[in-house]
Number of protein chains: 2
Amino acid sequence: MNRRNTPTKEAVLSLLSSSKKALSQDAIERQLDIKINRATIYRVLNRFCEDDLVHRIVAEDGKQYFAICKKCEPSEKTKYHFHFRCLSCDTIECLKIPVQYSIPEGYEVQNANCVLTGTCNDCSL
Amino acid sequence: MNRRNTPTKEAVLSLLSSSKKALSQDAIERQLDIKINRATIYRVLNRFCEDDLVHRIVAEDGKQYFAICKKCEPSEKTKYHFHFRCLSCDTIECLKIPVQYSIPEGYEVQNANCVLTGTCNDCSL
DNA sequence: CGTATTATTGCAACATAATCGCAATAAAAT
DNA sequence: ATTTTATTGCGATTATGTTGCAATAATACG
Ligand SMILES: [Mn+2]
Ligand SMILES: [Mn+2]
Ligand SMILES: [Zn+2]
Ligand SMILES: [Zn+2]
């Protein structure tokens with residue numbers, strides 16, 4: 001399935017690139033200059049995830065948030081990192097903290113979704 | 001707000017106690033002998049969480065799963081532990097693996113939701 | 001006991017997130 | 001220019017979870 005370049009794709013990727021926070025579909029739709037259909041945004045995002053351009057975070061609110069993988073090297077060591085959700089400013093950000101665990105025998109980990117919740121630095125003043 | 005003992009409450013708690021896996025509202029409703037309304041189950045579960053009898057896990061599928069806190073002492077050291085979701089048998093279990101992280105200055109963590117996904121021991125044969 | 005208080009329940013309606021089918025559009029290849 | 005088919009918009013649909021309200025029942029209290 002070959003990918004095609006479209007204004008929609010570029011707009012969403014550009015927005016994610018310039019954002020310091022992970023964004024939900026909702027937030028993306030609101031922040032975009034052009035009007036893009038909801039289903040389309042989801043499809044674009046899902047494609048980005050498939051292509052490992054973007055990673056998906058599921059927060060405690062059950063919603064999906066998307067963030068660009070800038071420094072997310074697929075190096076086995078720092079494969080997964082924590083995310084932080086601030087209950088005060090309601091933003092989700094990537095923390096440069098590797099997820100460490102020792103999995104029991106026989107288990108195989110394919111993905112990790114780790115979200116810490118609380119108050120961020122900006123809001124704790 | 002005082003709590004009252006009801007058949008519903010006991011049935012749900014008993015089911016969670018005897019289950020080795022975390023259960024969704026859906027699964028609880030199906031596994032219960034008596035028919036209990038969906039909203040009621042959610043309300044019972046939310047009360048259990050408020051009272052720290054049960055803890056809530058939000059998985060990658062965006063759904064809530066509930067598990068009994070048997071050995072979940074509120075000791076600060078092992079406050080949070082990992083959970084594992086098997087994509088093969090579609091179950092979620094508590095791992096006795098503490099969540100370790102070093103949070104940046106100024107951040108305050110109130111909760112952690114950490115789910116590893118992959119294949120469990122039973123399914124990896 | 002009998003009665004009063006109010007936590008709990010069932011039901012329907014609601015809210016929101018995310019997906020899907022299908023026809024129309026448009027990017028890319030030829 | 002024409003063909004191919006990935007992408008889009010739209011509406012409908014599924015799913016999870018919550019809420020308002022009246023009815024029910026657990027608990028306290030005389
Ligand atoms: Mn991240
Ligand atoms: Mn657990
Ligand atoms: Zn904040
Ligand atoms: Zn399994």
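If you're wondering where the values come from, they're calculated on a predicted model, not measured in any experiment. Computed from heavy atoms alone, side chains included, the values below leave out hydrogens, waters and symmetry copies. Here is how names work: the chains are called A, B, and so on, in the same order as the sequence lines, proteins then strands, and each is numbered from 1.
- Computed from coordinates, the B/Glu50 CD to C/dT8 C1' distance equals 14 Å when rounded to whole Å.
- Classification of B/Glu29 and B/Lys35 as a salt-bridged pair holds, one side-chain N sitting under 4.0 Å from a carboxylate O.
- At a threshold of 4.0 angstrom between heavy atoms, the contacts of A/Thr8 are confined to the sugar-phosphate backbone, with no base atom among them.
- For A/Arg4, counting side-chain heavy atoms from C-beta on, the closest listed nucleotide (C/dA12, C/dT9, D/dT5) is D/dT5.
- Applying the 3.5 Å distance criterion, the base of D/dG17 shares no donor-acceptor pair with the side chain of B/Arg56.
- In this structure, B/Glu60 does not pair ionically with A/Arg56, as no charged nitrogen and carboxylate oxygen lie closer than 4.0 Å.
- We find that CG of B/Asp61 is positioned 14 Å from C1' of D/dT14, with the value rounded to whole Å.
- Heavy atoms of B/Asn46 sit under 4.0 angstrom from primed sugar atoms or phosphate atoms, though from no base atom.
- The phosphate of C/dT8 has OP1 or OP2 within less than 4.0 Å of a side-chain N or O from B/Arg3.
- Salt bridge present: A/Arg3 and A/Glu50 bring a charged side-chain N and a carboxylate O closer than 4.0 Å.
- Put simply, CD1 on A/Ile57 is 13 Å from P on C/dA18, counting in whole angstrom units.
- When distances are taken from the side chain of A/Arg47 to each of D/dT8, D/dT18, C/dA7, the shortest belongs to D/dT8.
- Counting any heavy atom pair closer than 4.0 Å across all strands shown, A/Thr6 reaches sugar-phosphate atoms only and no base atom.
- Between B/Arg38 and C/dA13 there is no side-chain polar atom (N or O) within less than 4.0 angstrom of OP1 or OP2.
- With D/dG9, C/dT9, D/dA26 as the candidates, the nucleotide lying closest to the side chain of A/Asn37 is D/dG9.
- Residue A/Tyr42 places at least one side-chain N or O closer than 4.0 Å to OP1 or OP2 of C/dA18.
- Distance B/Gln25 CD to D/dT18 C1': 12 Å, rounded to the nearest Å.
- At whole-Å resolution of the value, CD in B/Glu10 and C1' in D/dA26 are 12 Å apart.
- Comparing B/Phe66 and A/Asn2 by the nucleotide of DNA chain D whose heavy atom lies nearest to each, the residue mapping closer to the 5' end is A/Asn2.
- Residue side chain A/Arg43 reaches the base of D/dG9 through a donor-acceptor N/O pair under 3.5 Å, judged by distance alone.
- With rounding to whole Å, A/Lys63 atom NZ is found 16 Å from C/dA15 atom P.
- Heavy-atom distances to DNA chain D give each of B/Gly62 and B/Asn5 a nearest nucleotide, and the one nearer the 5′ end belongs to B/Gly62.
- Nearest to the side-chain atoms of B/Gln64 among the listed nucleotides C/dA7, D/dT8, D/dG17 stands D/dG17.
- The CD1 atom of A/Ile34 sits 15 Å away from the C1' atom of C/dT25 (whole-angstrom rounding).
- A salt bridge links B/Asp26 and B/Arg30; the closest N-O separation between the charged side-chain nitrogens and carboxylate oxygens is under 4.0 Å.
- Counting to the nearest Å, the C1' atom of C/dA18 and the CG atom of A/Asp26 are 12 Å from each other.
- Heavy atoms from other residues, nucleotides or ligands lying under 6.0 Å from CG of A/Asp33 number 12 at most.
- Ring pair A/Phe84/B/Tyr107: centre-to-centre distance below 6.0 Å.
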